[in-house]
Amino acid sequence: MVYGSGWSDNMEEFCCHFCGKSWAQDLFRTFCRDCGEPLLCKETVGQKEIHWEQSNPLRRYIDFLPLREIFPALDLGTGDTPLLTCPSLAEQLHLPRLYAKNESQNPTGSFKDRGTLVAVQKAHQSGISRIGTVSTGNMAASTAAFGARAGLRTFVLVKEDTGKEKLLSSAAYGPRIMRVRGDYGKLFRHSYEIGINKNIYFINSVDPMRLEGYKVTAFEIYAQMSCAAPDFVFVPVSAGGHIIGLMRAFLNLREMGHIASSPTFIGIQAEGCSPIVQAYEKGLDRVERLSGADTIAQAISNPDPPGGNIVLDMIRSGGGSLLSVSDREILSAQGQLAGQEGLFVLPASATTLAGLIKYHRNNPIGPDKSCVLILTGSGLKGLSNFSGSLGALPCYELSEIEAGIE
Ligand SMILES: Cc1ncc(COP(=O)(O)O)c(C=O)c1O
Ligand SMILES: [Zn+2]
């Protein structure tokens with residue numbers, strides 16, 4: 001079997017979702033030079049197969065990816081995460097077919113590894129020796145880990161006020177970390193100029209290769225549901241890259257005749273930073289940048305989401321929806337996932353359950369429908385601002401313990 005046989009020559013092109021223009025693939029120029037929108041890998045013609053016999057997830061789905069070859073040594077064990085039932089929540093919500101795709105089981109504890117893996121494979125194939133990212137947390141740790149693994153010099157640009165816990169989770173891998181003053185959106189855009197001048201491939205939130213990596217999560221869900229698409233998928237949305245990748249994967253499966261229709265995607269933002277939801281509710285086709293963010297769900301608090309316009313368009317044309325949830329609803333959902341299902345996730349990830357509860361209240365979902373929550377990151381990554389209260393913890397003498405147990 002020749003891997004990548006489903007890709008024709010135009011796999012080397014990027015295209016613009018909005019103006020339809022194609023551009024030669026250049027990892028250093030990943031935004032449309034005409035309209036400024038993030039570029040996506042060009043979809044190719046030709047039959048694509050799933051190579052079920054492959055144990056490596058990238059090799060299994062390579063026909064759908066912009067890679068000709070896979071180098072397993074660059075991986076840290078990404079993917080093949082479990083699709084778990086949620087028996088307690090399923091009963092409570094009258095949704096017997098409720099599942100959680102636990103992306104916190106990826107090597108650095110978040111879904112970001114999926115995208116970093118594909119981008120680093122591409123960097124390796126392209127002879128690139130320096131990579132970077134602009135991030136405040138999960139993406140920085142993921143890029144730093146895979147950069148270390150691949151022997152690439154890695155640059156992490158962070159906001160000046162980034163917390164110690166987040167810095168440490170990247171610093172462990174030895175990247176060059178640079179704290180930068182000023183606006184995060186400007187830093188994001190400026191990073192591409194630095195990349196061109198200094199020969200650094202910036203694998204930021206909407207990097208086209210990163211998005212292709214996110215598709216593999218959707219293919220796994222399809223496989224784990226016995227070759228079917230779920231009815232609903234609930235995803236937290238910040239820059240927009242993750243949900244775009246997931247939606248593209250189901251479109252790929254539909255185009256290839258593997259599924260009759262795509263799932264209904266529900267994208268969720270936190271009320272304290274919901275620029276895409278606001279544009280959706282106002283009926284706009286362009287997202288308006290917010291001046292700031294105020295939410296417990298820090299991992300999804302991008303006030304100027306680069307993929308926002310594409311998300312709006314894909315959600316509208318795919319029949320999905322976007323909604324926001326409050327910090328109170330997020331914390332309550334975080335507690336439910338941990339206390340009822342044993343799943344301790346970041347507030348950003350708990351938005352999926354909060355969003356499901358809200359959506360289900362307003363648009364009751366039938367008990368025959370399958371729903372998947374994408375749990376994007378481990379709660380262990382946000383311990384310093386975890387507000388799950390320990391309460392007053394009394395301390396006992398050995399002789400008092402038994403009397404203290406009811
Ligand atoms: C834990 C977690 N969930 C969800 C997201 C949102 O992903 P995206 O920015 O691709 O929309 C992020 C992004 O950083 C994240 O860290
Ligand atoms: Zn364009």
Side-chain angles (χ1 to χ4, degrees), residues 1-15 22 24-27 30 39-81 83 101 103 105-107 111-128 131 142-143 146 149-150 152 201 203 206-229 241-242 244-259 262:
M1 182 68 62
V2 181
Y3 296 114
S5 54
W7 290 92
S8 60
D9 280 338
N10 60 4
M11 75 177 280
E12 302 297 345
E13 284 188 341
F14 288 149
C15 71
S22 294
Q25 197 180 95
D26 178 345
L27 298 175
T30 54
L39 294 173
L40 304 175
C41 286
K42 188 156 182 170
E43 293 294 355
T44 56
V45 289
Q47 190 59 29
K48 297 169 186 136
E49 316 248 324
I50 298 173
H51 303 278
W52 295 109
E53 74 285 1
Q54 289 294 331
S55 57
N56 179 297
L58 289 192
R59 286 192 168 154
R60 209 178 302 140
Y61 302 109
I62 192 168
D63 286 6
F64 298 86
L65 300 172
L67 300 170
R68 291 182 192 274
E69 252 182 294
I70 306 296
F71 299 91
L74 302 178
D75 194 2
L76 293 158
T78 309
D80 274 342
T81 59
L83 183 71
K101 180 71 169 163
E103 288 298 286
Q105 290 201 12
N106 280 303
F111 77 98
K112 294 283 183 184
D113 295 334
R114 304 264 193 184
T116 312
L117 171 61
V118 167
V120 166
Q121 293 274 336
K122 195 75 189 177
H124 180 76
Q125 287 172 31
S126 314
I128 288 170
I131 60 169
S142 176
T143 306
F146 280 81
R149 177 79 184 180
L152 303 172
Y201 168 28
I203 312 170
V206 288
D207 174 80
M209 296 299 153
R210 187 175 277 294
L211 268 51
E212 294 296 297
Y214 298 153
K215 293 194 328 194
V216 176
T217 312
F219 297 140
E220 287 177 16
I221 293 171
Y222 162 77
Q224 287 164 320
M225 299 195 74
S226 310
C227 296
H242 191 203
I244 295 171
L246 295 171
M247 288 192 285
R248 270 167 72 83
F250 282 107
L251 289 175
N252 285 170
L253 289 173
R254 208 182 68 191
E255 278 154 20
M256 289 300 121
H258 293 299
I259 54 174
S262 287

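As a basis for the values below, the full set of heavy atoms in this structure was taken, side chains included, without hydrogen atoms, waters or symmetry mates. As the structure is a computational prediction, the values presented were derived from the model and not from experiment.
- For Asp207 and Thr30, the side-chain atoms include no donor-acceptor pair closer than 3.5 Å.
- In this model, a donor atom of one side chain and an acceptor atom of the other lie less than 3.5 Å apart for Thr116 and Arg210.
- Electrostatic pairing of Lys215 and Glu220 does not count as a salt bridge here, judged by no charged N lying under 4.0 Å from a carboxylate O.
- Using a cutoff of 4.0 Å between basic side-chain nitrogens and carboxylate oxygens, Arg248 and Glu255 are not scored as salt-bridged.
- A 4.5 Å side-chain heavy-atom check between Met247 and Ser262 finds every atom pair outside the cut-off.
- With rounding to the nearest 0.5 Å, the separation of OH in Tyr201 from CD1 in Ile131 is 9.0 Å.
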Side chain to side chain contact (heavy atoms under 4.5 Å, CB included) between Ile62 and Ile70, worked out: CA-CA 8 Å; Ile62 192 168; Ile70 306 296; 3.7 Å; yes

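- Once rounded to the nearest 0.5 Å, the distance linking CZ of Phe14 with CG of Leu40 reads 9.5 Å.
- Side-chain contact annotation: His258 with Asn252, donor-acceptor N/O pair under 3.5 Å absent.
- The shortest distance between side-chain heavy atoms of Pro72 and Asn56 falls below 4.5 Å.
- Contact record, Ala123 with Leu152: CB-CD1, 4.5 Å, taken as the closest heavy-atom pair.
- Put simply, the side chain of Leu58 does not reach to within 4.5 Å of the side chain of Phe71, judged on heavy atoms.
- A donor-acceptor pair is defined here as one N or O able to donate and one able to accept, closer than 3.5 Å; no such pair exists between the side chain of Lys122 and the backbone of Met209.
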Derivation and outcome, side chain to side chain contact (heavy atoms under 4.5 Å, CB included), residues Arg59 and His51: CA-CA 7 Å; Arg59 286 192 168 154; His51 303 278; over 6 Å; no

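- In this structure the side chain of Val118 reaches within 4.5 angstrom of the side chain of Leu67, judged on heavy atoms.
- For Glu103 and Lys112, the salt-bridge test fails: no basic side-chain N is under 4.0 Å from an acidic carboxylate O.
- Proximity of Phe146 to Pro107: side-chain heavy atoms (C-beta onward) are separated by under 4.5 Å at one or more points.
- Listed by chain and residue number, Phe111, His242 satisfy the ring pair (Phe, Tyr, Trp, His ring centres under 6.0 Å) test with Tyr214 (two or more places apart in sequence, or in another chain).
- Between the Asn106 side chain and the Asp113 main chain, no donor and acceptor come within less than 3.5 Å of each other.
- One distance of note links CD of Glu13 with SG of Cys41; it measures 11.0 Å at 0.5 Å rounding.
- Ring geometry, Tyr61 versus Trp52: the interplanar angle exceeds 60°, so the pair is classed perpendicular (tilted spans 30 to 60°).
- Residue Ala119 comes nearest to Ile203 through the heavy atom pair CB-CG2, 3.5 Å, listed as atom of the first residue, atom of the second, then distance.
- The side-chain heavy atoms of Cys227 and Tyr222, taken from C-beta on, include a pair separated by under 4.5 Å.
- Without hydrogens or angle criteria, Glu212 side chain to Gly245 main chain gives no donor-acceptor distance under 3.5 Å.
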Residues Leu27, Ser126; criterion side chain to side chain contact (heavy atoms under 4.5 Å, CB included); working and verdict: CA-CA 9 Å; Leu27 298 175; Ser126 314; 3.9 Å; yes

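- The shortest non-hydrogen separation linking Arg114 to Thr217 is NE-OG1, 3.1 Å.
- In the model, Lys101 has a side-chain atom that pairs as donor or acceptor with a side-chain atom of Gln224 under 3.5 Å.
- In the model, Gln121 has no side-chain atom that pairs as donor or acceptor with a side-chain atom of Asp75 under 3.5 Å.
- Atom CG in Leu211 sits 5.5 Å away from atom CD1 in Ile244 (nearest 0.5 Å).
- Without hydrogens or angle criteria, Arg60 side chain to Val216 main chain gives no donor-acceptor distance under 3.5 Å.
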